[in-house]
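Have a look at the structure below before the remarks.
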Amino acid sequence: MAGKTIVVLGGGAGGLVASHELRKKLGSEHRIVLVDKQTHHVFAPSFTWVMLGWRDPHRISRELGLLKKKGIEYVNAEAFEIDPGNRLVKTGAGDFVYDYLIVALGAELNPQAVPGLSETAHTPYSLEGSVVLRDALKGFDGGKVAVVISALPFKCPAAPYETALLLEYAFRQRGIRSNVDLRVFTPEQLPMPVAGPLVGTAVKQFLDERGIGFHPEHKLVSVDPGKKEIAFENGQKAGFDLLVAVPPHRSPEVVRKSGLANEAGWIPVDRRTMKTGFENVYALGDVTSISLPGRYRPDTPLPLPKAGVFAHFQASVVAHNIASGIKGGTGRKEFGGMGYCFLETGHGMAGYGSGNFYGEPQPAVTFGRPGRLWRFAKVLFEKWWLRHWF
Ligand SMILES: Cc1cc2nc3c(=O)[nH]c(=O)nc-3n(C[C@H](O)[C@H](O)[C@H](O)COP(=O)(O)OP(=O)(O)OC[C@H]3O[C@@H](n4cnc5c(N)ncnc54)[C@H](O)[C@@H]3O)c2cc1C
């Protein structure tokens with residue numbers, strides 16, 4: 001059998017799983033080439049722990065170069081052109097002709113999309129941002145804290161709420177809680193809408209119990225750095241002393257101009273196989289757009305959330321099907337929409353939501369009340385992830 005070349009773009013959650021599973025399933029005559037512009041893989045679920053000083057950045061980062069010893073050809077370069085017509089990817093380290101392509105380039109942060117945001121806001125949505133926020137929190141002893149979800153879609157629907165709950169806990173630990181007015185602003189109607197009203201109501205209750213203000217249907221339009229004021233599409237304004245934002249997201253430029261993307265810049269895929277409109281080109285994880293059958297707003301189709309758990313499971317399916325196709329096997333797998341997530345609530349506790357996000361007529365997601373066991377499970381998962389793939 002002639003050796004095939006499978007190029008995986010992106011060494012984040014999805015690309016990491018896809019390249020490992022392909023390597024495991026295919027003989028050494030087949031090349032697995034993983035391209036990432038970063039030198040390190042970082043474990044994003046721990047960014048909130050970095051924010052609070054509970055993790056050092058190096059503890060949640062791993063060198064992508066380590067993958068070479070596993071037989072994965074890691075290329076540290078930016079991909080700047082995807083040419084599916086010629087089965088070619090152009091990168092800063094040269095061109096790669098592929099037999100199969102997996103696009104797992106994620107979503108990037110675009111704070112410049114909101115005037116005033118990039119100069120003013122802190123964010124736990126990047127490793128660097130979490131470190132800067134950690135240092136800013138050390139010098140913060142009270143005032144107005146606004147946690148703002150700037151725009152939809154954004155990755156990890158639970159993370160902004162976890163951020164608010166953990167900040168509240170940290171302020172309490174430091175004895176400054178009574179000096180802090182903590183509020184969450186979001187364009188959503190309820191937290192985590194795709195998980196359904198039961199989960200949203202439960203999360204809102206956690207905020208209420210801790211005295212965290214919740215302001216739904218507030219879409220950020222601008223930030224006034226001088227006045228320290230945020231303005232929303234509905235005409236409301238709010239002051240802040242510390243602004244903690246989930247910046248607007250967009251797909252990487254190479255994807256937007258590739259011909260693979262829809263008008264919004266995300267890649268539409270077959271929601272069960274992750275096939276794109278181009279032969280032997282797959283996309284998975286945050287860079288994709290998948291509409292769900294369940295709807296919570298009559299006119300707004302809710303997409304599958306952007307989350308590592310989906311990138312992970314989708315990557316397994318894609319790797320299995322590519323390997324099976326190459327080896328002439330017939331068994332194909334499908335991604336069925338299953339997902340889970342931890343939501344840390346402070347005081348050493350976490351809740352746990354899980355279910356089928358492709359459930360009809362609505363996603364069938366259940367939510368376990370916060371407890372110490374789920375928090376412990378989250379710590380174990382972090383350890384497993386960073387040991388298993390490196
Ligand atoms: C604070 C926070 C907490 C989170 N918590 C959870 C959680 O508890 N559970 C969960 O399921 N998800 C969580 N997520 C979401 C999760 O991290 C993402 O959904 C997941 O990483 C998506 O995987 P991906 O492979 O699609 O993209 P990514 O992991 O973002 O990987 C994309 C990769 O592509 C690379 N890249 C981009 N453009 C280029 C280019 N042009 N050339 C070369 N390389 C490029 C990037 O460097 C990156 O390594 C969290 C996210 C955040 C920010």
Side-chain angles (χ1 to χ4, degrees), residues 5-20 22-23 31-47 50 57-58 60-70 72-84 87-98 100-113 118 123-132 154-156 247-261 265-267 276 281-288 306 308 311-312 314-315 318 385-386 389-390:
T5 299
I6 300 118
V7 173
V8 181
L9 297 182
L16 194 62
V17 174
S19 33
H20 270 85
L22 282 162
R23 189 67 291 160
R31 293 177 66 199
I32 317 295
V33 181
L34 176 68
V35 180
D36 201 299
K37 61 183 178 180
Q38 303 292 344
T39 54
H40 285 72
H41 173 89
V42 289
F43 186 69
S46 301
F47 288 174
V50 173
H58 76 266
I60 61 159
S61 311
R62 291 292 179 274
E63 261 183 68
L64 284 165
L66 292 171
L67 300 178
K68 289 184 180 166
K69 68 175 194 263
K70 301 202 168 190
I72 297 166
E73 294 177 45
Y74 159 62
V75 178
N76 178 209
E78 175 156 3
F80 57 81
E81 189 179 334
I82 301 169
D83 178 358
R87 297 193 165 205
L88 184 74
V89 175
K90 294 186 179 177
T91 82
D95 297 354
F96 292 88
V97 177
Y98 61 80
Y100 295 86
L101 176 67
I102 300 176
V103 184
L105 291 170
E108 63 183 32
L109 306 180
N110 183 23
Q112 290 77 14
S118 56
T123 186
Y125 261 59
S126 68
L127 184 57
E128 303 72 28
S130 307
V131 171
V132 176
F154 64 96
K155 48 186 153 183
C156 193
H249 289 25
R250 68 176 177 189
S251 66
E253 189 185 3
V254 62
V255 170
R256 278 180 272 136
K257 63 177 197 190
S258 66
L260 291 167
W266 309 109
I267 305 180
T276 67
V281 180
Y282 297 78
L284 53 89
D286 290 357
V287 79
T288 63
K306 298 191 183 304
H312 179 171
Q314 291 164 356
V318 169
W385 183 270
L386 292 167
W389 306 114
F390 291 93

Using only atom types and a distance under 3.5 Å, with no angle test, would you say the side chain of [X] pairs donor to acceptor with the backbone of [Y]?
{"X": "D36", "Y": "A77", "value": "no"}
{"X": "E78", "Y": "G92", "value": "no"}
{"X": "T288", "Y": "A283", "value": "no"}
{"X": "K257", "Y": "F80", "value": "yes"}

Can you name the closest pair of heavy atoms from [X] and [Y] and give their distance?
{"X": "A104", "Y": "G15", "value": "CB-N, 3.7 Å"}
{"X": "D95", "Y": "K90", "value": "OD1-CG, 3.5 Å"}
{"X": "S251", "Y": "G265", "value": "OG-O, 2.6 Å"}
{"X": "V287", "Y": "P252", "value": "CG2-CD, 4.2 Å"}
{"X": "A18", "Y": "I102", "value": "CB-CD1, 4.0 Å"}
{"X": "G11", "Y": "L34", "value": "CA-CD1, 3.9 Å"}

Stepwise side chain to side chain contact (heavy atoms under 4.5 Å, CB included) check, V97 with T5: CA-CA 8 Å; V97 177; T5 299; over 6 Å; no
Side chains of [X] and [Y] in contact at under 4.5 Å (non-hydrogen atoms):
{"X": "Y125", "Y": "K155", "result": "yes"}
{"X": "L101", "Y": "V89", "result": "yes"}
{"X": "V33", "Y": "Y74", "result": "no"}
{"X": "Y100", "Y": "V318", "result": "no"}
{"X": "T91", "Y": "F96", "result": "yes"}
{"X": "I72", "Y": "L64", "result": "no"}
{"X": "W266", "Y": "K306", "result": "yes"}

Rounded to the nearest 0.5 Å, what separation is found between the [atom1] atom of [X] and the [atom2] atom of [Y]?
{"X": "I82", "Y": "T276", "atom1": "CD1", "atom2": "OG1", "value": "9.5 Å"}
{"X": "I6", "Y": "E73", "atom1": "CD1", "atom2": "CD", "value": "10.5 Å"}
{"X": "L105", "Y": "K37", "atom1": "CG", "atom2": "NZ", "value": "8.5 Å"}
{"X": "E253", "Y": "E81", "atom1": "CD", "atom2": "CD", "value": "11.0 Å"}
{"X": "L66", "Y": "H40", "atom1": "CG", "atom2": "NE2", "value": "8.0 Å"}

Candidate pair V103 and V254, rule side chain to side chain contact (heavy atoms under 4.5 Å, CB included), full reasoning: CA-CA 10 Å; V103 184; V254 62; over 6 Å; no
Option from L22, L16, V17 for which side-chain contact (heavy atoms from CB on, under 4.5 Å) with H20 holds: L16
Check against side chain to side chain contact (heavy atoms under 4.5 Å, CB included), L109 and H249: CA-CA 5 Å; L109 306 180; H249 289 25; 3.5 Å; yes
Polar side chain donor-acceptor pair, W385 to H41, under 3.5 angstrom: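 The answer is yes; a qualifying pair exists.
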Stepwise side chain to side chain contact (heavy atoms under 4.5 Å, CB included) check, I60 with F47: CA-CA 9 Å; I60 61 159; F47 288 174; 3.8 Å; yes
